Protein chains: 2
Amino acid sequence: MTDPTPRRAPAGAAVLREDVTEAIRAAVFEELAAVGFARMSIEGIARRAGVGKTAVYRRWKSKLSLVLDLVGAFAAQGMPAPVTGSLDGDVRALLEVASGALRHPVASQVIPDLLVEAARHPEIAEAVTAALLDGQRGVVTRIVREAVARGELPEGTDPGRALDLIVGPLYWRLAVVRTGLPPGYVDDLARSAVAALRA
Amino acid sequence: MTDPTPRRAPAGAAVLREDVTEAIRAAVFEELAAVGFARMSIEGIARRAGVGKTAVYRRWKSKLSLVLDLVGAFAAQGMPAPVTGSLDGDVRALLEVASGALRHPVASQVIPDLLVEAARHPEIAEAVTAALLDGQRGVVTRIVREAVARGELPEGTDPGRALDLIVGPLYWRLAVVRTGLPPGYVDDLARSAVAALRA
């Protein structure tokens with residue numbers, strides 16, 4: 001239960017506290033990759049980070065809130081809003097960003113873990129979904145709104161359905177089928193998604 | 001380590017062996033729902049089924065082979081080939097069957113578990129994918145072949161890509177977004193999937 005954050009150095013304390021937070025974040029991703037969410041413990045995270053359990057609990061109240069915080073930050077980081085001026089371009093740019101994010105080890109190992117928790121614990125499903133989807137929902141809502149304004153999609157196009165049609169096939173291929181993306185796949189998918197949106 | 005299968009009753013033994021097998025199958029689904037794949041043990045399955053561990057190991061060599069066997073049987077059962085005589089009809093029928101199967105508790109809890117194992121253990125990924133996908137791949141290959149023969153899809157349409165476009169959005173909505181299917185969703189999705197296939 002030792003905590004390396006010194007109690008008597010107010011000037012350096014802020015920096016050291018950030019170092020500890022970063023060490024914990026890095027340790028969580030390593031633990032998740034190594035043993036998965038179900039088997040991961042705050043104790044194991046603290047050991048890997050070289051800090052005391054108290055240092056973890058001072059920052060996050062549970063294993064789940066810790067992981068959701070990190071996943072939310074990762075998802076937001078991987079989701080800059082592509083603005084190209086056309087529906088075709090925006091869909092292609094979104095698929096490019098999403099295919100990079102979904103192939104990242106964090107996504108490919110942590111998302112399945114979180115979906116297991118969501119399927120088994122309805123009370124945490126909403127938090128998991130928000131961490132995974134809020135960034136993408138924002139981007140797709142903007143893409144649909146601008147495409148409607150340009151007359152490329154009909155009024156009343158549902159952004160939720162648009163997200164399903166754009167990201168669904170890519171996620172299925174990368175997370176379930178797991179055979180990778182053949183050359184030209186993202187281009188073909190963008191063309192298909194736009195046709196699907198207009199149907 | 002007791003096994004209730006009697007050694008001295010050859011006439012009744014076959015029936016009792018089937019009862020034991022069925023008890024084990026039922027126990028596996030209950031254990032999976034209750035504790036998940038990672039925490040599930042052959043010991044727990046045997047206890048719930050009221051049999052000895054030996055009875056389980058005599059039938060399946062590991063926890064994974066047991067679960068894959070059951071999931072494969074479940075997936076094949078939920079996947080009769082819909083034959084309607086048109087691409088629109090076949091895609092709609094497949095989405096209807098798949099949405100029923102994916103909403104079943106077995107699918108919604110066990111598939112995420114298996115994808116976690118696949119992401120973490122490349123050596124079992126192929127077996128997991130085959131158990132989950134072989135049935136659907138067969139159906140989509142048949143649908144595409146017949147649609148090409150009728151002139152509804154171009155020659156050379158890739159059945160793998162067709163599966164992504166048809167089932168991907170539905171899986172994403174049910175397994176990731178988890179907000180359920182609004183009325184008319186499957187019809188809209190069928191129309192969109194056909195447009196996507198033709199794009």
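Just so you know, these numbers come straight off a predicted model, no measurement behind them.
Among A:Arg39, A:Arg178, A:Arg198, the residue making the largest number of heavy-atom pairs under 4.5 Å with chain B is A:Arg178. Between chain A and the options B:Ile111, B:Leu115, B:Ile166, B:Val116, heavy-atom pairs under 4.5 Å are most frequent for B:Val116. In terms of non-hydrogen atom pairs under 4.5 Å with chain B, the most contact-rich of A:Leu189, A:Leu133, A:Thr179, A:Leu197 is A:Leu133. Of the residues considered (A:Pro112, A:Gly160, A:Pro169, A:Ala199), A:Pro169 shows the highest number of contacts with chain B, using heavy-atom pairs under 4.5 Å. Counting heavy-atom pairs under 4.5 Å between each of B:Leu170, B:Leu114, B:Val177 and chain A puts B:Val177 at the top. Between chain B and the residues A:Ala175, A:Ala118, A:Ala193, A:Ala125, the largest count of heavy-atom pairs under 4.5 Å involves A:Ala118.
Heavy atoms of A:Leu32 lying under 4.5 Å from chain B belong exclusively to its backbone. There is no contact between B:Leu174 and chain A, counting heavy-atom distances below 4.5 Å.
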What do the steps show when you test B:Arg103 against B:Ser99 for side chain to side chain donor-acceptor pair (under 3.5 Å), and what is the final call? CA-CA 6 Å; B:Arg103 275 180 291 187; B:Ser99 73; 3.2 Å; yes
Start with the C-alpha gap between A:Thr141 and A:Arg145, add the side-chain angles, then the distance that decides, and say whether side chain to side chain donor-acceptor pair (under 3.5 Å) holds. CA-CA 6 Å; A:Thr141 300; A:Arg145 191 180 54 234; over 6 Å; no
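For A:Phe37 against A:Lys63, the heavy-atom pair with the smallest separation is O-NZ, 2.6 Å.
Taking CG of A:Asp188 as the reference point, atom CG of B:Asp164 lies at 11.0 Å (rounded to 0.5 Å).
No donor-acceptor contact under 3.5 angstrom links the side chains of A:Thr54 and A:Arg58, judged on distance only. For the residue pair A:Thr84 and A:Arg92, no side-chain donor N or O sits within less than 3.5 Å of a side-chain acceptor on the partner.
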